[in-house]
Each structure stands twice: as C-alpha cells, then as structure tokens.
Amino acid sequence: MKYNPSLIEKKWQEKWSKLNVFKASIDKTKPKYYVLEMFPYPSGAIHMGHVRNYTLGDLVARYKKAQGFNVLHPMGWDAFGLPAENAAIENKTHPANWTYANIESMKTQLIRMGLSYDWDRELATCNPDYYKFEQKMFLDFFNAGIAYKKETLVNWDPIEQTVLANEQVIDGRGWRSGAKVEKKKMKGWFLKISDFADELLDEIDNLSNWPEKVKIMQKNWIGRSNGAIIKFSIENSPNNLKIFTTRPDTIFGATFIAISPQHELSKQIAQKDSKAAEFIKFCESHSIKEIDIEKAEKHGYETGLTVSHPFKNDVSLKIYIANFVLMDYGTGAIFGCPAHDQRDYDFAIKYSLDIIPVIKTGETLPFMGDGPHINSNFLNNLNTEEAKILCIKKLSELGIGEEKVTYRIRDWGVSRQRYWGCPIPVICCDECGEVPVPIEQLPISLPQDVDLNKKGNPLENHNNWKKTKCPKCNKNAIRETDTFDTFFESSWYFARFTDINPSTPFSEEAIKYWMPVDQYIGGVEHAVMHLLYSRFFMRALKYVNIINIEEPFISLQTQGMVCHQTFKTKNKKWLHPNKVRKEDNEYFHVDTKEPVIAGRIEKMSKSKKNVVDPQQIIENFGADTARLFMLSDSPPNRDMEWSSSGVEGSWRFLNKLWKFVINLPKDKKLKKLPINLSKKNQELISIMHRTINDVTKAIDEFHFNLAVASIRSLFNALSSYEINEDDDKIVVIHVTENLLILINPMVPHLAEELWSKLENKGIISNENWPKVDLSYIQKNSVKIPIQVNGKVRAVVEIPIDSNKNDIKEIALKEENVVKFLKTSPKKVIIIPNRVVNFVV
RNA sequence: GCGAGCGUGGCGGAAUGGUAGACGCACUGGACUUAAAAUCCAGAGUCCGAUAAGGACGUGGGGGUUCAAGUCCCCCCGCUCGUACCA
C-alpha cells in the first residue's frame, strides 16, 4: 500500500471535525493554553508566509494538547483595509463581496492544511457583529478623555483630491496620479497612547518570554529621554522661544536655533515674510514619511530673528526655520550644537555657522562621545551626565529652564479617510461640536451603496449616509466620515476569540480563564506597531473598566520570512521558478530553452515572481510534507529558503516512515514491554528516551528544526534495527508508537493513519505526550578532547566524573599528545567531563 | 537618516566560552535493474599528504580579552525588518 496523502489527509480532517477534537471550552480542572497566530489579511490565497506561521502555531497547539493542556487555538480575518478598495476599483466589485469571497477560499486552504483550529470561533473584523463592539469602546475612550480630535499632517494628492497612505507615496509622488504629494493639515481622531508611555515602557522588562530584539525596538520606539526645556529670549521682542534638548550639557556649544516649519513662530514669521512662507510651503511639498524627511537634504531659512544665549551675555543665535525639525517631538524647536551632533554639523557647514567644541576629544568633529567639558564656563571638566544635572540646576535657578522628560512616541492617529473600515461613531454638529452617537444607535454600519471611483473620501461623498441629526440639539448635522485604522481591530481580536457571544465583546469569565495569550506567533514586521498598540489597547480598556488585564501576550515568537531564489530572463524580466529548469548546474527557460539568469535569494514577492504557491505543493505532496519541510529546514525566527529539493527530502522521509510502519509485524498481543530487555533493546529504548527528551526540549525552546532532526535520528536507529525475537517486535512497535506521538504535531494526518494501522483504538490527537525515563539517558562515560595549546590532539573516553589526576594520567598516555608536549606543560587546565588543555 | 536583527561547507542549518559542521538537501561511488526512476549501502569543509597516519587553514573582514572564541568586547562591510496612513 502506497502513501497517498490526499486520501488520508481528507479522511482525518473530516474525522477531527466530526469528533470536535479541537473544540475549546472552559474546563477549570485543566490548565489552559491559548496559542494564537497573527490573523491574516484575506488577500485571496494563502502564501508561504501563512503556511509557515500557521504550521508553527499548529505544532504548539497539538503539542500542548498532548501535554494535557486545555488548548484554545482560534482563527479569524483581519478583513478591513486598503487592498479591498483597490481591488474593488480594479475588478468592479464591492469591497465586501471581494473580502468575503477571499475569506471563503482562504479558509478552504487552511482547512486543507489540517490546522487544529476551533472554527466555531471564527470572526471577520469587517462584520458589524465584530466592529460594533469597538465603536462602543471608542465612545468609552472618548468619554474618558483617551480619544480626542486634533489637527495633523497627511499626504495629499492634489490630482486625486485624496489622502494617500505612506505606501501609496512612491518617491514623493502619488502611485496612481504621479502628482507630487503635499503635506496637508487635517483634523483626525487620536488615542492618547502617550499617557501610557511610562507604563508601556516600564512593563517591557517583565515580558520575559519576548524576544530581546522586539523589546529593545519597543523601548526605542517609546523613546523616553531626560532632557531640558530652555527658554531663549527673542531679541528685540518680549517673547520667549522654548526649545527641548536631550543634551543641555552642550549649551555652550550652541551656535544656532532651528524651529519646525509647523511651529507657531514660523507661522507668525510667514505672515510678514513672503519668502519664509515660500520656504514653509517648500518644506510641505513632501510626504509625511519619517524616512523621507530624515533623508531629505537639510534646508534652513534664516528668519532674521535672534535669541540671546542664556549663559553668554554678548552672544546671540540666529533662528532658522529648518525642514528636519519635527513639530511632534519636544517643543518643535532646538538649539544646534554642530560640534557634537551630526545633523547640526551638516547644517552648520552648509550655512557657514560657528562650530564650538565643548567636549575634549582628540577625534574629528562632530564627536558624539563623552568626555570632560571645555569652553563651558561652570560646566568645564565635568562629564556629560554631571554637566546635564548642573546645567539644569542652573537653568531652574535662573527661571529660564527646567528638567523635562519627553517621549519619541506620538499619540496614535486612528482616523482614515477610507470607506472599507469601521465607522467612527461620532456626529459633527455646528453647534455642539463632536457628539458621541448614542449607544442605542450603535452599530453605525457602513452603507452598501458607495462610489469608490469618485475623487475624495467615499463616505464624505455619500450624502444620504452622512446627513443626520445632532443627538444633543436635534439640528442638522453630519456623521464623522473617517473610519478606523485597521490596527484598531487587531488590537483586541485575541480577546474576542475567548468568547464570541453576540451581546458583549467578551465575557468576564472567558477573559479570566483564557487570557492572556500564552503563545503568540507572527512576523517580526509587527514587532512595534501592532504589538505596542495591542499592549496599549488592553490598558485603555482596563482604564474604562471593560477588561482586567494589561499584557495580552505572555510569550511571543517572531518568525522569519520565506525566501526563494529569483530568476530573470536575458531581457532582465523576472521569471517564475516553475518556468525554470536546472540542467548540469545551468538554468534554462522551460519553454524557450534560453539560458536564465539566477539571481539572489529574496523574500517571496509577487513583483519578483519568486513565489511558490502552497496550494500546488499541497496538491503534489500533501499538507504533511509541506508542514514538515516548513519545520525541518530553519529555526522559526530566522529567514528560510524554500527549495524544491528540500520539499522532496521531506516527502521521501514521510514515505520511508510510511513504508516502515506498514511493514511492521502486527499482533495485538505484542503490547506490553518485556521486563528484562536485551542489550540491543535497552539501547533502542535508551535512544527513544533521549529523543523524547531532546524533542520536548527543542519544542519548548522553539527550535523545531532540531526536534525534526532528533526524530529523524530516532527513525534512523529504528530502520537499521533487526527484528529477531518476539521481544524485539514488542520493543520496535513500542518505540514506533512513541515516535508517532512525537511527530504527530508536525505531520498529524500521517501520524493518525499510521497510529490506526498499528491497531490502536483512539486517535493519536488525543494521546498523551510520552514521558522521559531519565535512567535511560544517564551516561556513565564521556568523550573529552585533549588539547595542547588549545589544539585538539586526541579524544579519550573516560568514566563520567573522573577526578582530575586520573584524567591527567589518561591524557598523558596519548601518543599524539606526548608528541606535541616537547617540554613539561607550564599549566594544565582540566575541566571535568569537558576538556583537558596542556599549555606549553 | 535613525532603531533593530542577521552573516558558519556547494546549500539549509547544529554547537551551556571547551572535539566546529549534528540532522537534512545537493553531489560522488557502489548495490538492485535490460535501462531509468525509486530504494538501499558508503564517502565527503578546503588544502598538503598516498585514497593512510597525521598536519595546516577554516564560522563576512580587521583588531582585542582568554589556557581556550562561531560564541564575549571594539571597529568595518553586506543583507533583512521597522520607521507612525500597507497589513
């Protein structure tokens, strides 16, 4: 009988579903385990990144179930977002139709992979049954002062008359119109994440099961810094200019002042100075992307205004309006110290400003390190930290400055001028301002009839929908036509999964039992935004008494990308891998037979055509092969390369395993292990226990590729084992059954089928994880290297825990060691059970 | 620009500061076959050496700490992710 994955995989998927094997419900007699993979955007078809993510999560879910946990493993759809609108315009369909059709086809694909989801908890964020709850949450935030409206800058496409996403701005131009993008001021809704900045920052240290890199990135993103506000008095004017600096110690090196084009003072200047107005306009003829702002050439406009230096009586500093000063950080104004800051240095060179070093260094300027201060009056000889403290003290005494903590993080702008998102439940009244929609009127559903081809915001164009009455004064008013950022939906979906009842977002009981998520898995690209917003959202919900947790994810794992070799034709056009054939290390086009240029291995992307369709792999090899390859090749957190030969290797292994088990002798009586094991059986059992130990450890540490490697080793031992007696049969079947339980989380369909072939009653998905018998894995001898000057000259096997003298004696008997020991050693290093090193 | 991560044979990757290359892929040789595929067995970092024994070199590059460095520290190079309206 041949291994036929498509047959057995379908069979077991149906069986699991029929038996409700993965249906989760609260059971207080068992410890719970909530495993969650980041839910997908329903783009239409799963890609290899999904396959990887969901295979990792499924392994964890099945493994934890075997370990006796009550597992919750749900799946849903991050269904709002920009692509649906673009697709709707291109394909002349409705975003809802497109999205729901995509969900259906992707769900079919996920089911085909054999993932152990409790599909009863499926949700789609574009469904009013989901987003109605977040409208209520928003109103609670609004009433608690967490949500507010303010003016902000957006990317404006003057031709399309629409706001563009950063993604839609390419080289400063709109992706469809090609028009130069402008910054435009617009009012939008914000959530006060900055109020929670300290807590979000401080609690990072308690996230002990998060990758260090993610924690560092979040810390830097929040960017708490201790600095100072300094008031500079503007010369020939009664007014002050407040600047923020993280380096008050360099105040004596200050040679200019720069303010943001959006600064209040810039506006005032522009009113009287048309050139200044022009310069500000020039600064606003760019996108709002940080990367564009930072990489842009530094420009400044000399305003003619000056301030006096707080500690240097006769020195005045020119005020510039500068394109690189951000209004959102600090006070939107800085002093420039060119000697000790790269940007200030570049600016000073460009505008021929003074460069005054205030830290002693032998190195070239700008110097960003620490050292004794010079040219700094009362700060001389102090280091940076001391000088900061003293400078702030002096500023406060003079009443012209104070210590100030600032944050890099800005409040979360949740407004989007888009159709396919959750409507923001507010009514804008000329008389009463922003009025919350009364709760009994929720949900505010999206209108179905909408014209996406018109310029501008579709909801704003929709007169019927937007016109309403003010709940307060009953006069004519209009609805808020902005919709939520889709990060809003993904900031609480994990809580909704715990209990999808129709009347409340979740129940207290379910939250108490299931939350927080024990293991969250997703791409590293979400390291900051999605994960930080979710952490904030839980705190905000707690603040308004909707939930009682702070940290949503106890343990986090971030997976790397799935990559593939790229190919180009000789005309430099990207070529799909299945159009390429390799012969004698040369690549050829399948159709034209022309040589093909093999390029770099890069992240799979449609634009470079280096994609492999999971569907195709599953049809050709089965889900188990795809899953096994995903797990066996690379550690989860690293990028992996998809290679067809690697897939074939996994396929071959499963075939070998299949054939091996099918051909085992079957005898129901052969179940109980004999009491006295022969030496060879003891050895096999001991390999098995070592494997159980290694696989368990590898899975716990998220090194799934090592788990696969150990299982393969165990199988190598099994397949070279010779069965002679009845006892041997029992031992082999016993070891094989344990191997199947170990491999079940990886290739569950094959494991189920073979488990049933071994005439077991229940299903393997309900079996318990095998226990390690430590007595089998203790060794009584150890191989250690003997080094001379750090180079290995011999390897000896000695009893474990031998004393140092014995080890030395054995080592000195080695011929090759003696050969290199021309004189008696100066020093002998003996680390028991590890190494011997003779230093000569 | 800024923040973060990664870099080990032909390839994916193993390796509590202690034998670098586990396990696999590709490759080479052999067995089976009329033949091929599949399967099974064996070999293998590079160089010197005889295909041996043994040795030299070797973890992106350069320097350092240590009896001992892929691992720790400093500098540099390359790639990847994020950079607030893609999700």
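Every chain is numbered from 1, with letters handed out A, B, ... down the list of sequences. Computed over heavy atoms, backbone and side chain alike; hydrogens, waters and symmetry mates excluded.
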What's touching nucleotides 44-52 of chain B from the protein side, N or O pairs under 3.5 Å?
none

**Prompt:** How is A/Arg410 classified with respect to the nucleic acid when contacts are heavy atoms under 4.0 Å: base, sugar-phosphate, or nothing?
**Reply:** base
Has the side chain of A/Asn837 got a donor or acceptor that lies under 3.5 Å from a partner of the other kind on the base of B/C67?
yes
Under a 3.5 Å limit on both distances, the Watson-Crick or wobble mate of B/A52 is none
Requested in this report: Report which part of the nucleic acid A/Met38 touches: base, sugar-phosphate, or nothing (heavy-atom distance under 4.0 Å, all strands).
Outcome: nothing
Check: Which is true for A/Ile293 with a 4.0 Å heavy-atom rule: it touches a base, it touches only sugar-phosphate, or it touches nothing?
Finding: nothing
Closest of B/C57, B/G1, B/G24 to the A/Asn716 side chain is B/G24
**Request:** Please work out if A/His526 contacts a base, only the sugar-phosphate, or nothing of the nucleic acid, heavy-atom cut-off 4.0 Å.
**Result:** base
TODO: Mind checking A/Pro635 for me? I need base, sugar-phosphate or nothing, with any heavy atom below 4.0 Å counting as a touch.
DONE: sugar-phosphate
query = Quick one: do the A/Asn53 and A/Glu37 side chains pair a donor with an acceptor below 3.5 Å?
reply = no
Can a side-chain donor-acceptor contact be found between A/Asp78 and A/Ser490 if the only test is distance below 3.5 angstrom? no
Nucleotide N/O to protein N/O under 3.5 Å, stretch nucleotides 72-74 of chain B:
none

Across every strand shown, the nucleotide meeting Watson-Crick or G-U wobble geometry with B/A4 (both distances under 3.5 Å) is B/U80
(Q) By the 4.0 Å heavy-atom rule, please label A/Val528 as base, sugar-phosphate, or nothing. (A) nothing
- Heavy atoms under 4.0 Å, any strand shown: does A/Trp221 hit a base, just sugar-phosphate, or nothing? base
Looking only at B/U39, B/G54, B/U80, the nucleotide nearest the A/Met561 side chain is B/U80
**Q.** Side-chain donor/acceptor of A/Gln787 to base of B/C67, under 3.5 Å
**A.** no
Distance-only check: which donor-acceptor pairs under 3.5 Å involve side-chain atoms of residues 710-722 of chain A, not counting sequence neighbours?
from	atom 1	to	atom 2	distance (Å)
A/Ser710	OG	A/Leu706	O	2.9
A/Ser713	OG	A/Ala709	O	3.2
A/Ser719	OG	A/Phe715	O	2.9
A/Ser719	OG	A/Asn716	O	3.3
A/Ser720	OG	A/Asn716	O	3.0
A/Ser720	OG	A/Ala717	O	3.3
A/Tyr721	OH	A/Asn681	OD1	2.2
A/Tyr721	OH	A/Asp728	OD1	3.4

Exercise for the section: Look at all strands and tell whether A/Lys827 reaches a base, only sugar-phosphate, or nothing, counting heavy atoms closer than 4.0 Å. Expected result: sugar-phosphate
Side-chain H-bond candidate by donor/acceptor type, A/Asn86 with A/Arg176, under 3.5 Å: yes
When rounded to the nearest 0.5 Å, the distance separating CG of A/Leu556 from NE2 of A/His526 is 11.0 Å
Of all heavy-atom pairs linking A/Leu812 and A/Val818, the shortest is O-CG2, 3.2 Å
Out of B/C86, B/A87, B/C85, minimum distance to the side chain of A/Val154 belongs to B/C85
With syn meaning chi within 90° of zero and anything else anti, the base of B/G9 is syn
Of the candidates B/A38, B/G55, B/C86, the side chain of A/Arg793 sits closest to B/G55
- Checking A/Arg224 against A/Tyr407: charged group under 6.0 Å from the ring centre and within 45 degrees of the axis? no
(message) Classify A/Asn789 by what it touches in the nucleic acid, base, sugar-phosphate, or nothing, heavy-atom distance under 4.0 Å.
(response) nothing
The answer to which of A/Arg343 and A/Ser710 contacts RNA chain B further toward the 5' end, by nearest nucleotide, is A/Arg343
Among B/A87, B/A84, B/C67, the one nearest any side-chain atom of A/Asp485 is B/A87
5'-most contact on RNA chain B (nearest-nucleotide basis), A/Arg408 vs A/Glu212, goes to A/Glu212
The nucleotide from B/A14, B/A4, B/U83 with an atom nearest the side chain of A/Ile291 is B/U83
Item to complete: Describe the nucleic acid contact of A/Phe487 in one word from base, sugar-phosphate, nothing, applying a heavy-atom distance below 4.0 Å.
Response: base
Students often get this wrong, so: under 4.0 angstrom with heavy atoms, is A/Leu82 touching a base, only sugar-phosphate, or nothing?
sugar-phosphate
Determine whether any donor atom in the side chain of A/Gln342 lies under 3.5 Å from an acceptor atom in the base of B/G1, or the reverse, and answer yes or no. no
